[in-house]
2 protein chains.
Amino acid sequence: MVDEEDVGGPPVGAVKSKKKSGKKSGGKSSGSGSSGSSSSSNPQIKPKCNCEQLQLVDCHLETKELWDKFNELGTEMIITKTGRRMFPTVRVTFSGAQSRVRYYVLLDVVPVDSKRYRYAYHRSSWLVAGKADPPAPARLYTHPDSPFTPDQLRKQVISFEKVKLTNNEMDKQGQIVLNSMHRYQPRVHLVRRMEGDTTRPIVDLEREQFRTYVFPETVFTAVTAYQNQLITKLKIDSNPFAKGFRDSSRLSDFDR
Amino acid sequence: MVDEEDVGGPPVGAVKSKKKSGKKSGGKSSGSGSSGSSSSSNPQIKPKCNCEQLQLVDCHLETKELWDKFNELGTEMIITKTGRRMFPTVRVTFSGAQSRVRYYVLLDVVPVDSKRYRYAYHRSSWLVAGKADPPAPARLYTHPDSPFTPDQLRKQVISFEKVKLTNNEMDKQGQIVLNSMHRYQPRVHLVRRMEGDTTRPIVDLEREQFRTYVFPETVFTAVTAYQNQLITKLKIDSNPFAKGFRDSSRLSDFDR
DNA sequence: CGGTTCTCACCTAGGTGTTAAACT
DNA sequence: AGTTTAACACCTAGGTGAGAACCG
């Protein structure tokens with residue numbers, strides 16, 4: 001029915017080679033570049049900055065090693081009607097913050113491309129399954145501890161563990177609404193406001209002094225059920241809440 | 001050893017009569033008065049206001065009925081080294097907030113008098129057991145959702161469920177430090193700042209525009225173990241986390 | 001058949017009073 | 001003897017993937 005074509009280079013970076021890619025993958029992946037990939041990629045996933053002072057502020061992705069592991073397999077994130085946390089969690093630290101201003105840290109999730117995907121179990125690979133469904137307008141999730149003083153921004157790990165992904169377009173709890181079987185890129189935004197500025201919420205980035213950081217290793221496919229069994233296994237082995245499904249626990253018949 | 005005298009009128013209001021006291025006890029107990037009681041009472045427990053605009057803002061104690069039940073028996077709050085929540089929780093609502101300002105809501109706990117108490121089990125009553133131990137400086141606990149917009153202040157129930165009481169004088173987590181076997185009065189402070197004002201923490205109320213609300217029914221004695229068994233029973237029956245100790249659960253032998 | 005939803009057992013995380021032991 | 005501590009069983013609250021049921 002839909003135009004279905006095999007994906008040449010695995011879209012999410014399925015296991016292809018043990019070699020690190022050309023660019024030194026140990027270095028920073030944020031800020032200045034690394035949008036990379038194909039012509040169909042969304043310009044939204046490029047870093048951006050409309051404020052000189054923010055050029056001095058670096059953003060670092062914590063638990064990058066874990067993100068890399070998932071990314072090598074092609075990260076999947078469950079979305080549900082009631083909302084599901086992300087795992088791994090987006091955790092960042094900042095350096096270079098100035099004094100006498102306030103910082104807001106935000107997360108949003110934008111489409112990587114305009115495609116719909118499906119997973120070929122027998123081949124263990126993702127296929128393009130047609131054009132994207134109409135996307136819900138991207139919601140900005142402001143980190144609940146915002147605003148941060150420069151001191152806080154320098155010292156704290158800012159963790160988006162509470163943010164939830166949903167496929168419920170009618171959601172009214174401020175969760176991030178995504179389409180299943182579509183690929184997404186999380187983005188971190190740093191907004192700078194004068195300390196005199198009010199607590200009014202941030203609704204439009206373009207009306208703020210901001211800088212956008214993009215970590216390509218956090219790309220994922222939204223799913224309602226895991227497709228790649230290796231992803232399931234890695235989640236179970238690394239997410240404490242899934243401990244009950246670990247291999248050692250599954251030897252239950254033998255144990256008892 | 002210490003001068004030990006019986007307490008004439010039960011200090012925390014032990015069960016004396018089923019009659020409601022003279023003043024209509026259904027009415028508001030905050031704001032303007034009701035410091036009441038004896039000559040030894042701490043002047044800190046009187047309401048206070050250094051800001052005209054705040055005279056218009058009313059504060060209402062939620063779950064007053066529960067507080068009253070405890071107060072009739074003589075409320076006790078456990079303090080531990082690691083910190084213990086208060087139960088009941090101090091929950092308040094405000095009305096009359098103006099726009100274009102920001103409100104901070106704070107809690108502190110001040111000594112009611114300069115006495116140390118002990119509990120006479122055989123008589124089921126509190127006795128004065130000498131002079132107070134030197135108090136730790138009262139810590140201001142700023143509600144974590146502060147600052148509030150006038151809108152938020154009008155609509156939200158502000159709950160201090162997360163605040164913890166400790167007897168650890170070396171505490172560095174910002175918990176409220178108390179002496180065991182001493183009597184205390186929680187106070188709620190409302191601080192008004194211009195929306196242009198910064199997020200710097202509030203360290204000295206006197207340097208702010210503020211109003212202090214006092215709810216006498218929230219007086220309690222800090223203890224490391226419950227003294228009055230009726231208090232224990234009421235806690236078990238009303239705190240969801242103590243459900244495991246409810247009578248119906250204790251019929252276990254019969255049930256199984 | 002592919003995709004979604006719901007319920008479930010099994011976890012994490014942490015708030016309760018109890019109890020026995022330790023402290024002073 | 002009065003008070004404090006620490007380990008414990010028992011809760012609340014909620015995050016996991018499995019698997020069956022359901023949908024289209």
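Quick note on labels: first sequence line is chain A, next is B, and so on, each numbered from 1.
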>> Does this structure show an ion pair linking K64(A) with E217(A), if we count only N-O contacts that are shorter than 4.0 Å?
In response: yes

>> Using a 4.0 Å heavy-atom cut-off, does T80(A) contact any base of the nucleic acid, only the sugar-phosphate backbone, or nothing at all?
In response: nothing

> On DNA chain D, nearest-nucleotide positions of P240(B) versus R116(B): which is more 5'?
Replying inline: R116(B)

>> Classify S180(B) by what it touches in the nucleic acid, base, sugar-phosphate, or nothing, heavy-atom distance under 4.0 Å.
In response: sugar-phosphate

> Can you tell me how far P of dT3(D) sits from CG of N228(B), to the nearest Å?
Replying inline: 14 Å

> Among dA18(D), dG15(C), dT4(C), which nucleotide sits nearest the side chain of A225(A)?
Replying inline: dT4(C)

>> Would you say K243(B) places a side-chain N or O within less than 4.0 Å of OP1 or OP2 belonging to dT12(D)?
In response: yes

> Are S159(B) and R91(B) linked by a side-chain donor-acceptor pair shorter than 3.5 Å?
Replying inline: yes

>> What's the separation between atom OH in Y184(B) and atom CG in L165(B), rounded to the nearest 0.5 Å?
In response: 10.0 Å

>> Between P on dC6(C) and CD1 on I79(A), what's the gap in Å once rounded to a whole number?
In response: 14 Å

> Please give, in whole Å, the distance from dC1(C) C1' to Y121(A) OH?
Replying inline: 11 Å

> Can you tell me how far P of dT16(C) sits from CZ of F87(B), to the nearest Å?
Replying inline: 8 Å

> Once you round it to whole Å, what is the distance between P of dG19(D) and CD of Q229(A)?
Replying inline: 11 Å

> So how far is it from T166(B) OG1 to M170(B) CE, rounded to the nearest 0.5 Å?
Replying inline: 11.5 Å

> If we ignore angles and hydrogens, is there a donor and acceptor under 3.5 Å between the side chains of Y121(A) and Q227(A)?
Replying inline: yes

>> In whole Å, I'd like the distance from the CG atom of N239(B) to the C1' atom of dG14(C).
In response: 13 Å

>> Between R84(A) and K81(B), which residue's closest nucleotide on DNA chain D lies nearer the 5′ terminus?
In response: K81(B)

> In terms of side-chain heavy atoms of F245(B), which of dG3(C), dA9(D), dT16(D) is nearest?
Replying inline: dA9(D)

> Which nucleotide, dT4(C), dG17(C), dA18(D), lies nearest any side-chain atom of K235(B)?
Replying inline: dG17(C)

> With a 4.0 Å cut-off on heavy atoms, is K164(B) in touch with a base, just the backbone sugar-phosphate, or nothing at all?
Replying inline: sugar-phosphate

> Looking at the side chain of F241(B), which of dG17(C), dT12(C), dG14(C) is the nearest nucleotide?
Replying inline: dG14(C)

>> Nearest whole Å is fine: how far is dT16(C) C1' from D237(B) CG?
In response: 13 Å

>> Starting the side chain at C-beta, find the nucleotide from dG17(C), dT16(D), dT4(C) nearest to T224(A).
In response: dT4(C)

>> Does dT3(D) have OP1 or OP2 under 4.0 Å away from a side-chain N or O of N167(B)?
In response: no

>> Checking contacts here: which listed nucleotide (dT16(C), dT3(D), dT16(D)) is nearest the side-chain heavy atoms of Q227(B)?
In response: dT3(D)

> Aromatic rings W126(A) and Y119(A): how do their planes relate, parallel, tilted or perpendicular, breaks at 30° and 60°?
Replying inline: perpendicular

>> Whole angstroms only, please: what is the CG-C1' distance between D133(B) and dT3(D)?
In response: 12 Å

